[in-house]
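One structure is given below, encoded as structure tokens.
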2 protein chains.
Amino acid sequence: MTSTAEPRWLNDEERQAWMAMAGIVFALPAALDAQLQRDAGITHFEYTVLAALSEAPDRRLRMSYLAQLANGSLSRLSHVVKRLERQGWVERTPDPQDGRFTVAQLTEAGWDKIVATAPGHVEAVRELVLDPLTRAQVKQLREIGLRITGGLGLDIPRRS
Amino acid sequence: MTSTAEPRWLNDEERQAWMAMAGIVFALPAALDAQLQRDAGITHFEYTVLAALSEAPDRRLRMSYLAQLANGSLSRLSHVVKRLERQGWVERTPDPQDGRFTVAQLTEAGWDKIVATAPGHVEAVRELVLDPLTRAQVKQLREIGLRITGGLGLDIPRRS
DNA sequence: GCTCATGAGTTGAAGCGTCAACTCATTACT
DNA sequence: AGTAATGAGTTGACGCTTCAACTCATGAGC
């Protein structure tokens with residue numbers, strides 16, 4: 001990809017587009033993290049884990065599949081679920097079908113937590129991302145996002 | 001911002017646009033960090049610091065101003081510059097004009113480092129962000145980015 | 001001149017993510 | 001049956017970021 005010197009710098013149009021994108025990539029995760037931290041005291045990754053569990057059948061998932069849904073490593077998930085378990089929001093048990101798997105189960109308290117947290121987070125997404133755009137731009141954003149993510153490793157898109 | 005339950009969920013178009021954006025925000029920083037780590041052994045923040053210094057008059061800047069340019073806290077910058085100093089890429093001296101300030105000076109080795117690193121990073125930005133898009137989409141992206149970043153705290157856009 | 005307020009910068013502790021090493025259950029092979 | 005291979009999950013160490021507490025130089029007010 002980068003063996004020797006390439007002189008292909010960015011022109012004005014490209015530089016402006018890139019700076020705008022860099023601004024988003026820098027500020028948007030920070031803003032969403034801040035909202036969740038302030039209103040719910042959890043990280044965005046913890047939110048994603050709880051949300052994924054809340055939508056699963058019986059509100060339970062195997063750790064390895066949950067890690068895929070949440071776009072994180074199994075190690076990261078293991079650390080996080082340990083914290084969530086300490087909070088009483090998730091419980092871990094070995095899978096009866098196959099002892100190699102661990103099943104993460106959302107508790108009643110965990111369900112209450114995600115139910116209380118989700119509307120505010122969706123509202124933040126709407127305010128920060130969707131509301132500033134016209135309907136046409138929302139469509140354009142979808143196309144642009146698909147093209148860019150297509151060039152990276154594919155992603156399993158999940159809910160807000 | 002979020003006091004009680006709001007029922008304003010996302011429709012299909014909005015959800016798809018948001019998922020595309022979430023994919024970018026998740027994967028793009030990871031991909032750019034990985035490129036820099038692999039090709040230069042530095043983080044994206046370290047790259048931004050070196051790049052900002054390389055473009056400053058005399059290749060030197062006050063820490064506090066450098067922190068603004070790099071979009072980071074002074075504390076974070078202090079830790080990072082300590083590492084960069086250990087590598088021999090930056091030197092710190094008290095500002096002769098005002099002893100409260102510290103001036104970070106890019107060394108010759110630091111200059112060589114950023115000169116060697118920048119083309120590959122710009123190339124990665126081009127490959128991952130610009131190349132997948134049509135010219136029209138590049139323009140749309142700029143507008144979309146400006147609108148979204150406008151709704152967040154403003155940013156001092158800086159070079160690639 | 002002295003004291004105090006201000007703000008730049010540093011430092012160390014704590015939290016989170018990554019990486020590599022490890023355990024363990026199951027399956028495949030002989 | 002016995003052994004090795006595989007892959008899920010956990011763990012601990014390390015690195016980076018944040019936060020709060022601290023030092024220190026300067027300027028303002030008396």
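Naming: A, B, ... by sequence-line order, numbering from 1 per chain. The model shown is predicted, which means the values in this text are computed figures rather than measured ones.
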_Candidates B:Arg60, B:Glu85, B:Arg59 - the one meeting side-chain hydrogen bond (donor to acceptor under 3.5 Å, both in side chains) with B:Gln105_ = B:Arg60

*Give the rounded distance in Å between these two atoms: CZ of B:Arg76 and C1' of D:dA20.*
18 Å

_Side chain of B:Leu74 only, heavy atoms from C-beta on: which candidate in C:dG9, D:dT17, C:dT18 is closest?_
C:dG9

*Spell out yes or no: do the side chain of A:His79 and the base of D:dG9 have one donor N/O and one acceptor N/O closer than 3.5 Å?*
no

*Identify whether any heavy atom of B:Ser64 sits under 4.0 Å from a base atom; if not, whether one sits that close to sugar-phosphate; answer base, sugar-phosphate or nothing.*
sugar-phosphate

_B:Lys82 side-chain proximity, nearest of C:dT11, D:dT10, C:dT10_ = C:dT11

_Under 4.5 Å between side-chain heavy atoms, counting indirect links through other Ile/Leu/Val/Met/Phe/Trp/Tyr residues: same cluster for B:Tyr47 and B:Phe45 or not?_
yes

_Length of the CG-C1' vector between A:Leu61 and D:dA8, whole Å_ = 15 Å

*Rounded distance in Å - CD1 (A:Ile42) to P (C:dG15)*: 18 Å

*Tell me: CG of A:Asn71 to P of C:dC16, nearest whole Å?*
20 Å

*Nucleotide C:dT10, atom C1' - distance to CG of B:Leu77 in whole Å*: 11 Å

*Check whether any side-chain nitrogen or oxygen of A:Arg83 sits under 4.0 Å from OP1 or OP2 of C:dC16, and answer yes or no.*
yes

*base_contact_polar (C:dT11 base, B:Ser75 side chain, donor-acceptor, <3.5 Å)*: yes

_Proximity to DNA chain C (any heavy atom under 4.0 Å), residues of residues 88-107 of chain A only_ = A:Asp98, A:Gly99, A:Arg100

_Between C1' on D:dC24 and CE on B:Met63, what's the gap in Å once rounded to a whole number?_
15 Å

*Please report the shortest heavy-atom distance between A:Thr149 and B:Ile24, naming the atom on each side.*
CG2-N, 3.6 Å

*Quick one: B:Arg86 CZ to C:dT11 P, roughly how many Å, whole number?*
10 Å

*Between B:Leu84 (CG) and D:dG15 (C1'), how many Å, whole number?*
14 Å

*With the threshold set at 4.0 Å, does a side-chain nitrogen-carboxylate oxygen contact exist between A:Arg100 and A:Asp95?*
no

*Is there side-chain contact between A:Leu28 and A:Leu128, with at least one heavy-atom pair below 4.5 Å?*
yes

*In terms of hydrophobic clustering (I, L, V, M, F, W, Y; side-chain heavy atoms under 4.5 Å; direct or indirect links), are A:Leu146 and B:Leu133 co-clustered?*
no

*Compare every heavy atom of A:Glu13 with every heavy atom of B:Val138, then report the nearest pair and how far apart it is.*
CG1-O, 4.0 Å

